[in-house]
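Just follow the structure's listing: the first ligand is 1, and inside any ligand the first atom is 1.
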Amino acid sequence: MDLEPLTDTICAIATPIGEAGLGLIRLSGPQALKTAQKIFRHAGADRQPKSHVLHYGWIIEPGTGEVVDEVLICFMAAPRTYTREDVVEINCHGGFGALNRVLGLAVSAGARLAQPGEFTRRAFLNGRIDLSQAEAVIETIRSRSEQGLLLANRHLRGDLRRLVEGWLEVLGQARSHLEVLIDFSEDLAEEADDEARLYETLLKSIEEGVTEPVQSVLSRFEEGRIVREGLTFVLVGKPNVGKSSALNGLLGRNRAIVAAAPGTTRDVIEDSFLLEGVQVRVLDTAGIRGEPDAIESRGIEMTIESLCEADAAVWLIDHSRALDAEDRRVYEAIGDKPCLVILNKSDLPPAFPPESIPDRFPGLNPAIRLSVKNPQDLDRLKARLAQDFLQNPLSNCRSQIVPNLRQKECLEKAIASLGKAGELLRSNAYGELISFEIENAQKQLETILGRSSDMELLDRIFSQFCIGK
Ligand SMILES: Nc1nc2c(ncn2[C@@H]2O[C@H](COP(=O)(O)OP(=O)(O)O)[C@@H](O)[C@H]2O)c(=O)[nH]1
Ligand SMILES: [Mg+2]
């Protein structure tokens, strides 16, 4: 998308298309009010509408005066608006007919159809939000869980922006100290001494003021990903141990076929539920066993693929049957994946002592014994999953800033440049070289806020938006 001059007025339907009680059309730009006035007839006196107040009336076809829809309209004068431009929002009836007609009238009255994300892009270009806040808008629209929303809200408030601005401040100061040294170094007799002292101070202020806090933000990326995007568990185990029963139990409905005959589940079945406000995806797989038929063995391959994709495995063992070589195959397939072991079918007599699990299969956390057919046990299972896999991400992300993938990459590059700057400072290198590395780090941090004029980056981010946002 080319950068349009911000002199035109854009319009779009801001709500999803479909049958609905209400729908919203939004206009933004210097002509927003004028455009709207051409197609709106106020129910009261037709005076200059007050800003940030709802007005009742009708959208009319200007040529014929025909009433198109009964609406509430809100005019918001710049700069206290989403885009910092004049904005008009028209609350029409929902449904494609009304919305499309009103939109068409707005276009004939002089507005241009907005491109995806263009309202938010204007908010960014007009300096109301930085790029990390624009990304938070997408995240808010997309968030499917309460926890993901909380995380997005923190970015929307500009918490990351404030942190990054603080780091930029430290780096800016470091560079201006270096500049002074570069400019005057030839005049100073005690140059070497001064330089050593300055380098020491700079090293300390960069490490404590930037490198360490950046590293701490980076360390939360993985946890943030879980809170944002959710967690994927894969149910694994031999055939007939109760994997499909566990899936149905966790979801609270019959999603997979449960059968007494082994080898029933041949595909990977997936579905999700909310656990502590986080979206949890569960994959149910074909059981892993020694001599499967052809279809089933493709299923087993898929099981192994799902293991790679998942964040953690839930390994079900039928506690009423003795452990055998097939259990060993499952153990090997799980490898290093974080894993919770369940000794299922606790309603039946146990075939082996639970303590033998860590001896036979070293490196696993203690198993829990339960029956996936028992609702109370399912609650225990959920509590255990939450404790093992969500407790840390949730408590850390509740109070901290968590970067997204793009921000993480910028932070990593900034850290790499600061690492080089640190080495140069320690080896008393030329000020210019150090300043160059610090500048690289500054550029990366500025990219997080969108201060670099990288159009491709802006296009990539704003193209993820829907129309009307
Ligand atoms: N007694 C008992 N039977 C169970 C339990 N969980 C599953 N089953 C039974 O074990 C058989 C296989 O279950 P299924 O969920 O299809 O296992 P999968 O092959 O691992 O998916 C079915 O007959 C289930 O009813 C349990 O906790 N106790
Ligand atoms: Mg099954």
Side-chain angles (χ1 to χ4, degrees), residues 232-273 275 280-310 312-335 337 339-354 356-357 360-361 364 366-385:
T232 303
F233 288 117
V234 53
L235 300 165
V236 293
K238 285 191 305 195
N240 237 18
V241 294
K243 297 180 296 298
S244 299
S245 308
L247 175 79
N248 293 340
L250 287 170
L251 297 176
R253 63 199 169 85
N254 285 339
R255 176 72 176 78
I257 299 171
V258 171
T264 314
T265 311
R266 294 168 163 216
D267 252 337
V268 176
I269 296 177
E270 76 161 85
D271 216 323
S272 37
F273 65 100
L275 185 61
V280 172
R281 218 171 124 226
V282 196
L283 310 175
D284 176 25
T285 62
I288 295 176
R289 63 169 169 166
E291 286 150 20
D293 66 29
I295 299 175
E296 203 190 336
S297 78
R298 174 65 194 128
I300 292 172
E301 266 170 45
M302 283 160 78
T303 301
I304 295 179
E305 284 163 20
S306 336
L307 264 167
C308 298
E309 183 193 333
V314 175
W315 177 14
L316 284 105
I317 295 174
D318 181 346
H319 202 189
S320 68
R321 284 190 285 159
L323 292 166
D324 59 24
E326 287 179 353
D327 291 299
R328 180 98 219 150
R329 280 195 60 193
V330 180
Y331 174 70
E332 282 160 8
I334 293 169
K337 211 28 82 174
C339 175
L340 176 65
V341 186
I342 295 175
L343 299 174
N344 189 34
K345 308 199 185 181
S346 62
D347 52 317
L348 304 175
F352 58 89
S356 59
I357 293 283
R360 299 256 324 236
F361 308 113
L364 294 173
I368 47 173
R369 182 171 142 78
L370 52 75
S371 163
V372 297
K373 299 248 160 175
N374 176 344
Q376 273 140 21
D377 282 3
L378 281 166
D379 288 342
R380 262 175 61 217
L381 171 58
K382 285 186 179 176
R384 177 66 186 270
L385 290 173

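Checked by distance only, ligand 1 and G242 come closer than 3.5 Å through their nitrogen or oxygen atoms. Polar contact with ligand 1: present for V241 (N/O pair, distance under 3.5 Å). Residue D284 places no N or O, backbone or side chain, under 3.5 Å from any N or O of ligand 1. Taking only nitrogen or oxygen atoms, main chain and side chain alike, S346 does not reach within less than 3.5 Å of ligand 1.
The CG atom of L385 sits 4.5 Å away from the CZ atom of F233 when rounded to the nearest 0.5 Å. Note that CD1 of I342 and CG of D318 are 12.5 Å apart. Values are rounded to the nearest 0.5 Å.
Numbered from 1 in the order shown, with element, the atoms of ligand 1 that lie under 4.0 Å from a heavy atom of V372 read 6 (N), 27 (O). Interface atoms of ligand 1 facing K243, defined by a heavy-atom separation under 4.0 Å, are 15 (O), 17 (O), 18 (P), 19 (O), 20 (O), 21 (O).
Looking at every heavy atom in both residues, V234 comes nearest to S306 through CG2-CB, 3.9 Å.
A salt bridge links D324 and K238; the closest N-O separation between the charged side-chain nitrogens and carboxylate oxygens is under 4.0 Å.
Taking each of S245, G237, S244, S371 in turn, the one with a heavy atom nearest to atom 13 (O) of ligand 1 proves to be S245.
N344 contributes no side-chain N or O that, together with a main-chain N or O of L316, makes up a donor-acceptor pair within less than 3.5 Å.
At least one N, O or S atom of S244 sits under 2.8 Å from the Mg ion (ligand 2).
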